[in-house]
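In what follows, a structure is listed as structure tokens, so that the remarks can point back to it.
Every heavy atom of this structure was used, including side-chain atoms; hydrogens, water molecules and symmetry mates were not.
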Amino acid sequence: MNSDFVIRNGELIRYHGHSSEIVIPDGVAVIGSSAFEFCAYAERVVIPDGVIVIGAHAFSGCYHLREVV
């Protein structure tokens, strides 16, 4: 598993990486509140089909984010 992601019981709690393209791993069902907050490098995020909830402010402050797939 990618150590850039903190995932517990199918919930992505926090992302610690520095990639401009982030591919959220399969098996994640919930993107937690503020999980990507102020993720300065993110330009593109790929969300798997299994995600059913995106928490409040999950991408708050991601000023370079241009595309979510």
Sequence neighbours left out, cut at 3.5 Å: what donor-acceptor pairs do the side chains of residues 44-53 make with other protein atoms?
from, atom 1, to, atom 2, distance (Å)
Arg44, NE, Glu67, OE1, 3.0
Arg44, NH1, Glu21, OE2, 2.3

Stepwise, does the side chain to side chain contact (heavy atoms under 4.5 Å, CB included) test hold for Cys39 with Leu65? CA-CA 9 Å; Cys39 187; Leu65 185 60; over 6 Å; no
For the residue pair Asp4 and Ser19, establish whether any side-chain heavy-atom pair is separated by less than 4.5 Å. no
Side chain to side chain contact (heavy atoms under 4.5 Å, CB included) filter on His57, not counting sequence neighbours, yields Ser34, Ser60
What I'd like to find out is whether the side chain of Ile22 reaches to under 4.5 Å of the side chain of Tyr41, using heavy atoms alone. no
Can you tell me how far apart OH (Tyr63) and CD (Glu43) are? Round to the nearest 0.5 Å. 16.0 Å
Atom pair CD1/CD1 of Ile54 and Ile31 - distance to nearest 0.5 Å: 4.5 Å
Taking salt bridge (Lys or Arg N to Asp or Glu O under 4.0 Å) as the cut-off, I'd like each qualifying pair that reaches into residues 5-18, sequence neighbours left out, listed once. none
Under a 4.5 Å cut-off applied to non-hydrogen side-chain atoms, are Ile24 and Tyr15 in contact? no
Any chain of hydrophobic side-chain contacts (each under 4.5 Å) joining Val23 to Val68? no
Transitive ILVMFWY side-chain link Val30 to Phe59, under 4.5 Å: no
